[in-house]
Each structure stands twice: as C-alpha cells, then as structure tokens.
Amino acid sequence: MKWFMLLAVASAVGLASCDSNYNHYRLPTAIRPQKYQLSILTLMEHPQESTFNGTMKILIEVLENTRNITLHSKDLTIDESQTTLSQVNGSQKQDNCVSSTAVNPNHDYYILNTCQELLAGNVYELTMSFSADLNAQLEGYYRSSYEDPEANETRWITITQFEPASARLAFPCFDEPNYKAPFVVTLGHHKKYNALSNMPVKKTKPHESLPDYVWTEFEESVPMSTYLVAYSINDFSHKPSTLSNGALFRTWARPNAIDQCVYASEFGPKVLQFYEELFGIKFPLPKMDQIAVPDFFAGAMENWGLVTYRESALLFSPEHSALDDKQHTAEVLAHELAHQWFGNLVTMKWWTDLWLNEGFATYVATLGLAHVHPEWRSLDKESVSNLLTLFRKDSLESSHPISRPIQLVSEIFENFDAIAYEKGSSVIRMMHLFLGEEAFRSGLKSYLQMYKYKNAEQDNLWESLTQAAHKNGALPKDFDIKTIMDSWTLQTGYPVIDVTRDYAAGSAELTQERYLLNTEVSRSHNGGCWWVPLSYTTQSKLDFNNTSPEDWLECNKDGQRLPKKIGNLPGADQWVIFNTKLSAPYKVNYDAKNWKLLIRTLNSKDFESIHLVNRAQLIDDVLYFAWTGEQDYETALGVIEYLHRERELLPWRVALDNLKLLNRIIRQTPKYGSFKRFIKKLITPIYEDLNGINDTFSTIQEKDQILLKTTVGTWACGYQASDCVPRAVEYFRKWQTDPNPDENNPVPIDIRNIVYCTAIEHGSDNDWEFLWSRYLKANVASEKLTILDALSCSQEVWLLQRLLEMTFDPKGDIRKQDSAWVFTSVAANEVGFLLAKKYFMDNVESIYKFYHPLPKVFSRLLPPLYEQIFNRIDYNEFKDFVANSRDSFKGLEQATQQALEIMLTNVQWNERNYANFSSAIREFH
Ligand code: BES
Ligand code: ZN
C-alpha cells in the first residue's frame, strides 16, 4: 500500500491541490457506495469551542473503470494524511492510493484522484478523517440549548438536520437520494449523555484515551439515503410506549418538558400501526424514537427511526395547549410517520420527484388523522385546506409543475413548497377518489413492495396504479393513469371549468382553461389541457358522496382540449354542482341562472342539502371569480349572505380567509368604515349564537365547534363586535391580579390567543410587560408562540419597533426558529406593517445573513409584506428594491417572483374592483 500525504492537515475547502473541471450537478455514476461506517466523537464540554471529529469508512463498488472518487463534503476539515484506499474483494488485491485531491465548491465536491485505475467489478474501502465545529446554524450536525431552571444553567445538546443536502456538512458522502446504503454509526461522547441514532444501540465501550468518554455503537441500518441519517447526544428524558410487534417506541424531550410527551407517545404508535395495515408492510426498524429539539428550522424531519421535531410540533400540554395545538401535533406526527414508508422505504430518484415524498406524506397523514381521531371530523377540513392553498399558489403565472428539473441546492430547497405538498396531496386524493378504495390501495401496496429499499419516479407509481385499476375495473381499459396524471404533474396550474347549461335540452357544454389570478395575462394564450374527472350532482339527486367521475374532460394526443357536452341534466328550476366534495383540484364557473338557483338554495332553510365541502367550494370559487372579474361582487356577496345560517367551521373558514385578504387592502383606505360595518353584521349573530367567548368550552362535544368559536371570536374581537373586547379584557385582568400568574391562568385555553391579543391591543405598556414576563417563564412551546403572537398586537409604535429588534437579535430571548413567526405577526398588525416593511428594507442584508444558510426561512418574511401592497407606486418601489438587493435574495428567485406577482394582482384588484366592492358591501344587509 502506498501512502499519499498532501499536508498533515489540509482544509478540504482551502488547501486542496486544485480545482476540478468536473462541474455537473450530479455525481459521476462510475461508482456507488455499498456501506458506510461512521464514527463521530463529539466534544461539547466547553460550549464556546465545541467540535466534532470523525472517521468515515466507505465501501465503494466500481461500476465502470475510473481514476477518481468524487463525493460530497462541505465545510469539513479533512486530515488527508489519514486518507487510505484499498481494494477489499478478490484474491489479487492491487495496492492503491490517492494521488491528489481537488474540490469543486459549486457542487460541494471533494475529488480523490487515485494512483491506480479503479476497476469495474471491484470493491474498495476508502477511509477519511475529518473534523468541524458544531455549528448553531440549524443544519448539518449542530447544537441546540435549553435552560435548566433548577440549576439555572444552560444545557447543550447536539442533533442533525440533513435533508435535503446537509449530510455533507457532517461527513464525506455520496449525498444524493439514490445512493442508498446501510450505515453503521458509532458515537463517542461523555458518559453523562444519551446517544441516539436511527438504529438501536448494539454495544457501548469506554473511550480508549478520554476519561469518562464512551463509544456507543449502533446496529447496522437498512439501506437508506444519506439525508435520512440522524444522531444526537443529549441529556433528555424519554417516555416509552410500545408497538404491537413489541418494538420500542420512545418520545424524548428536555427533562422539564417530559410531562408534555404523553399525547405524542400515545398518538405515534397508533398512527404507525394504521400505516402498517394500510400499506401492508410492517415498520421495518426495531425501534422508533421521536425527539423535541429546542432549536429547529423546519417543523419536523422524518429521519428513519429518529424523527426530529420542533418543540411546538411534538409537545402537548393539556394545561397550556389549545385544541388547535393538539391537532397540529397529530398532523405533524402523522406526516412524519407516513414518510417512514413514503420517502424512507421508497425514495424519489432525484429531487425532481420530491412531491412523491411530501405530497404522499401530506395526503396519507389526512387518512391517519381521520383514523385515529374520527371525532375531529378532520378529513374534509384537511383536504379542503390543502386545496385552498394550492388554488392560491398555483393560480400564479410564476408557479411551476409538481415535477420539475432541479439542479442547485437552493432549487432543492425551493421545491419544498405548496406545489409539492398541497398540490401533490390534492392530486393523490383525486386519484384515490376516482379509482376507489380497492384499486388505490392495491396499487400503492404493489408500488411499495416493488420499490422498497430502492428509488422510484412518478412513472413507476403510474404503472403500479394503472395495473391495479385495470385489474380491478376501476378505470376503462383505454385510459391509463400516466396520461391522466401527467396532465396534472407536468403542467403548471389547474383549470377552471365553465359550465353553460342548455336548460331546454337538459344538457351543458363544458370548457376548460387555466385559472390565473393575474388578469393582465391572456388565459387562452396560456393553453393547457387537463384530464378532469367530472363528478356532479343535482338539486333533486343530492348525491354528494358519489365522488367517482360520471365522465371526463379529455385531451387529445397533442394535449389539445376536446369539447364536452353532458346530457340528462335536470330542468330549468334545478341547479347542478360539479366536482362533488371538491374531489379534484379545479374551479367551476356556471352561467348566471345556475348561480341564481344555487344562491336561492343557500339562502333557504335547505342550505344544508348542499354538502358542506361544496358550500365551501361555492364560497371560495365565487370570491375568486369576483376578484378576477368573472363575477361581480353583488353575486359573490349574495353567496356569502347565507352564512348567517351556517354553523359549520369549513364554510366560515373559507369565507373569512378570503375576506382577510380583502381586509388587508381595504383597511388602509377610506372605505374601511363600511367594510367594518359589513364584517360586524356578518359576525355578530353567529358570535352571539355561540355564546361568544363566555363559557369555558369544557362542555362542547363537537370538537370543530371549538375551532369555529375561536375563529369567530378572533374576528369579533378584531372588529369590536358585541361584548368580545370587554370580555377578553376582563379575563386578562383576572389573570393579571392572580398573585401567581405563572401557576394559575383563569383564561380558557382555547381563547388565550384572542384574549391576550385583544388585551394587548387595547392595553398599556404595563400589560405588555406583564405578558413578556409570562413569555420568559413559560415552559410550553405553544404557549410561548401564542404569547409572542399577542405581543405583536400592540398599537404602540415603540413597542412594536422594540419587538422587531428583539426578533433579530441573535443573543436575545426569541429563538431564531421563531423569528419569522414574530415578524409575520408584527407585519400583519396595521400599525406594525409600515414598521416591519421599513425594518425589512433597511436591514435586508443583515436579515439575509441572520438566516444564512437557510434562505427558505427568510422567504417566510415575504407574505405579510406582499399581502398588503396594493398600489402601483408601492409595487414599483418593492420591485426596484428587489432588483437593487439581488445579493440578499439569492436562492429566493421563486419566492420573490411570486411576491411580485401577488402584489401585482393586488394592484389589479384595487384598480378594477375597489369601487364595485365598496358599493356592494354598502348594500349588504
Ligand atoms: N421532510 C420535511 C422536512 C424538511 C422540510 C426538510 C424542508 C428540508 C426542507 C418534513 O417531512 C416536513 O414536511 N415537515 C413539515 C411539517 C409537515 C407536517 C408538513 C415542516 O417542516 O414544515
Ligand atoms: Zn414531509
């Protein structure tokens, strides 16, 4: 064996010998990893200089002769004197070594040129030693901290966050999802800590030289992608539960929060078991850990066998968290545990098909949630909320197809958006509904069986589903899933279907075009054809539960739309509704007469004969059409008018979400007075009927009635309707006068957000300070977020300005992970908006640095700004600002384009609809 020594210690970034000219964004395919053995020693006794160092042994299989090994490594110091390369198979082993190394920082490549050619069919073992600082950047292998109140000390833990491309920050590896290999992880750490990783502990032994240090070795994992590897060193406590097969299931949190793990430790195993049955494949690992990390950039991460969460997503306190928080926890757990199959067992080939991971996890989570908590009636709520998100985001010209080319790491990050999640899940739901239960399930099962421990792309899924559908008779033999689904996943946008009825003939002509919010773009010019499943019902049939298509809108081979005429429709006195239960992502516009018939039923005591999801659909569609000018606001408000009878959450939510966008614009104009009167008139009857915020909620059986009450209460207090403000202030005073407010809180949990915000809005500096003190003392993450949100309700410029500054202070009391949340709340406040906008524009460079290297978090600051810009001067100012601050928007091209387009659509609304809307609300009674 020859030894190559470049420098005793060379930085892989700075000192390696030369730049490589290999500049493709994907790794060369001549070799692939067979197995990783990773040892990491973590030194965090002195938090100021905490570091880790490691050794990586990779078995590499050679597929084609090559003279180099190219892999990923970023910000690691590689000790090249320790690098070795040897052949491990065959009897005639040839010596080998590394002759030189190079880096390509464009793609984080570290390239080892070999002394001898690596020969196809051979297996080599590459060993590398490396070290790095434990960073505080919330990605790679990083550290997080919490305060131990008893000892009054800061405690440190370590954790990983690798998806999508940060394993390379922790060890050299082939950091692409298609390179699956088993991992053997060994962690060196002080013996006072727990060590966790994807697999159970195999053995522990003392460190050879460091006193009180041990090596914890974990069992070899199943083959997995690098982005799913995880490990942690911590002093947390855990709550055990078991799975039906006896496997261990543990929920981890800082010791002082362990009592908040009860709900997650019960829900997790239940939903995991549901998935085992749904997919027909057992959870393949011998254990599952879930851990609440105090500093975490995403909501949660599905690492195989060691799922990580931010505290507010995993922990639940019956004394401090609202029903909303509990549902959020359930939703996030259901999502991450669904990934254990969709994502972990079967992984997308490349980030282009990220939606196969995220869309599936999002959709399957809705099924898991409905199974474990039928009393929440969440299936409709979840699917409608996914649809509403996609209807907004995908109506922008700057949107993109679900499946799209991805090259740069920043593009991978941008791909984690509403299109992958909400549109992805909505098109899967559409398939589920048009295929029916059996064909859908058996298609999924065979897809998972066929690609388990491997990678797949969307065509593989189409194939499995087509086979199952044909076998089962769920799809005509001349239809295939690929043709239908490609029209939804390879094309941007979704259609609006125009239904023009011939009342005498009992028929209707249907046409489709892409729905666009931006009315300066020609829709017909935009083209597009979608395969649209047409389910519908009529005023006499009222068959809303039948979601299987009666017919299809089809496209020809060149993707051109084919005309469609539907017969057997009822007479002139009856309405029709297309897209029962919103079973597919499209909007429907009718002729004036059909709308009139619908409005008549909605405004009668029979309004419930229309399914509640379709009531929500009618509200959402008509408000969009009024926005883009296909309908006038008289018609739209005629639809909303029926709400005074409505007692279901969903239609109310949809209506109020739409009105919120209008509110953001109108409240800065002279017409706000009439808008306020309009909202008060809409809200007061239901607020009073639900007994306002007066009772303690404990007697309410129907869970979504609690959510309806809080939704309505938020608007009632915001608009000072009925007794909302005085009642809220009264609750707050009662809390304030309690001698021990950190122990006793008389405010009902589910209205704390309303009460705190209202009291701060109408209160004094002292009230603000009182609540801030509670923030500092709070031990429950969701309570902390509720308080932060409320602190931004102040009308005092100086308090809001101070809050903004505290938000971006890296050493302050607000964690970086929560900063976007606070900024958003301040900017949503009418006094805070101008402050937030100015703060953002004045400090954009330092904010960019604050979030570096996670521009995705930075992009969360944009929505509250663009939602409130609606005149051309401000729009142009923002456009120029973006153009002049290009460096600060690097990696955010998609987000800024969308922001600008939304501002433009606001400007269009203002120029076109302001007058019509203002007069329409005046007439509303
Ligand atoms: N795989 C993601 C986590 C992630 C997001 C990694 C973005 C890298 C970039 C995880 O499964 C996820 O989707 N988390 C969501 C929460 C979920 C309930 C929708 C999140 O973090 O927002
Ligand atoms: Zn996910």
Side-chain angles (χ1 to χ4, degrees), residues 137-140 142 159-169 175 177 224-230 264 267-268 271 275 290-293 295-304 306-314 324-348 351 353-369 378 382-383 385-386 389-390 406 409-426 428 785 817-818 820-821 851 853-860 891 894-895:
Q137 305 290 6
L138 315 188
E139 65 159 0
Y142 72 93
I159 190 72
T160 52
Q161 168 58 40
F162 290 167
E163 190 180 22
S166 297
R168 64 190 69 170
L169 286 162
D175 201 8
M224 61 197 257
S225 308
T226 46
Y227 78 89
L228 292 169
V229 173
F267 179 85
V271 80
Y275 294 147
Q290 42 186 15
I291 179 168
V293 183
D295 300 278
F296 197 74
F297 103 89
M301 174 65 214
E302 69 266 24
N303 315 300
W304 216 350
L306 177 53
V307 184
T308 45
Y309 296 83
R310 62 167 59 201
E311 286 197 355
S312 58
L314 185 69
D324 231 2
D325 301 319
K326 190 175 195 170
Q327 295 191 342
H328 179 63
T329 293
E331 210 178 289
V332 182
L333 264 84
H335 177 105
E336 304 311 332
L337 296 178
H339 272 311
Q340 307 300 308
W341 285 261
F342 280 101
N344 302 7
L345 190 63
V346 178
T347 312
M348 70 260 144
W351 300 104
D353 279 321
L354 174 71
W355 80 277
L356 286 177
N357 269 16
E358 297 303 346
F360 257 109
T362 305
Y363 180 61
V364 170
T366 67
L367 306 179
L369 203 59
S378 55
E382 297 274 315
S383 23
S385 99
N386 292 336
T389 308
L390 101 83
I406 299 284
V409 170
S410 62
E411 291 170 342
I412 306 178
F413 263 111
E414 284 197 323
N415 210 13
F416 287 84
D417 65 358
I419 302 304
Y421 282 71
E422 280 84 2
K423 190 177 185 187
S425 78
S426 299
I428 295 164
L785 288 180
Q817 63 167 14
D818 299 328
W821 168 267
Y851 287 120
L854 296 168
K856 184 89 188 141
V857 185
F858 177 87
S859 73
R860 293 197 203 130
Q894 176 179 303

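First listed ligand is number 1; within each ligand, the first listed atom is number 1.
Here the protein heavy atom with the shortest distance to atom 5 (C) of ligand 1 is Phe416 CD2, 3.7 Å. Looking only at protein heavy atoms, the nearest one to atom 13 (O) of ligand 1 is Tyr421 OH, 2.5 Å. Summary of contacts: the protein heavy atom closest to atom 20 (C) of ligand 1 is Gly299 N, 3.4 Å. What sits closest to atom 3 (C) of ligand 1 on the protein, heavy atoms only, is Ala300 O, 3.2 Å.
Set against the non-hydrogen atoms of Glu302, the atoms of ligand 1 under 4.0 Å away are 1 (N), 2 (C), 10 (C), 11 (O). For ligand 1, the atoms lying closer than 4.0 Å to a non-hydrogen atom of Ala298 are 21 (O). Of all atoms in ligand 1, numbered sequentially from 1 with element shown, those under 4.0 Å from a heavy atom of His339 are 11 (O). With ligand atoms numbered from 1 in the order given, ligand 1 contributes 1 (N), 2 (C), 11 (O), 13 (O) to contacts under 4.0 Å with heavy atoms of Glu358.
Thr226 and Asp175 are linked by a side-chain donor-acceptor pair at a separation below 3.5 angstrom, with hydrogens and angles left out of the test. Counted by atom type alone, Ser166 and Glu139 present one or more donor-acceptor pairs between their side chains at under 3.5 Å. One side chain, Asn303 or Thr308, offers a donor N or O that lies under 3.5 Å from an acceptor on the other.
Of all non-hydrogen atoms in Ala895 and Ser859, the two that sit nearest each other are CB-CB, 3.9 Å.
Here the side chains of Phe416 and Asn357 are not in contact, with every heavy-atom distance at 4.5 Å or above.
A centroid separation of less than 6.0 Å is found between the aromatic rings of Tyr227 and Trp351.
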Working note: Gln894 + Asp417, criterion side chain to side chain donor-acceptor pair (under 3.5 Å); need CA distance, chi angles, decisive distance, verdict. CA-CA 10 Å; Gln894 176 179 303; Asp417 65 358; 2.9 Å; yes
For Tyr275 and Val364, what are the C-alpha separation, side-chain angles and deciding distance, and is it a side-chain contact (heavy atoms from CB on, under 4.5 Å)? CA-CA 9 Å; Tyr275 294 147; Val364 170; 3.2 Å; yes
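Listed by chain and number, the protein N, O or S atoms at a distance under 2.8 Å from the Zn ion (ligand 2) are His335 NE2, His339 NE2, Glu358 OE1.
Residue contacts with ligand 1, taken as heavy atom pairs separated by less than 4.0 Å, involve Glu163 via backbone and side-chain atoms alike. At a heavy-atom distance under 4.0 Å, only side-chain atoms of Glu336, from C-beta outward, approach ligand 1.
Relative ring orientation between Tyr421 and His335 is described as parallel, the plane-to-plane angle staying below 30° on a 0-90° scale split at 30° and 60°.
Here Asp818 pairs with Arg310 in a salt bridge; the nearest charged N to carboxylate O distance falls below 4.0 Å.
Ligand 1 lies within reach of Gln161, whose nearest heavy atom is under 4.0 Å from it.
Going from atom CG of Leu356 over to atom CG of Leu354 covers 8.5 Å, rounded to the nearest 0.5 Å.
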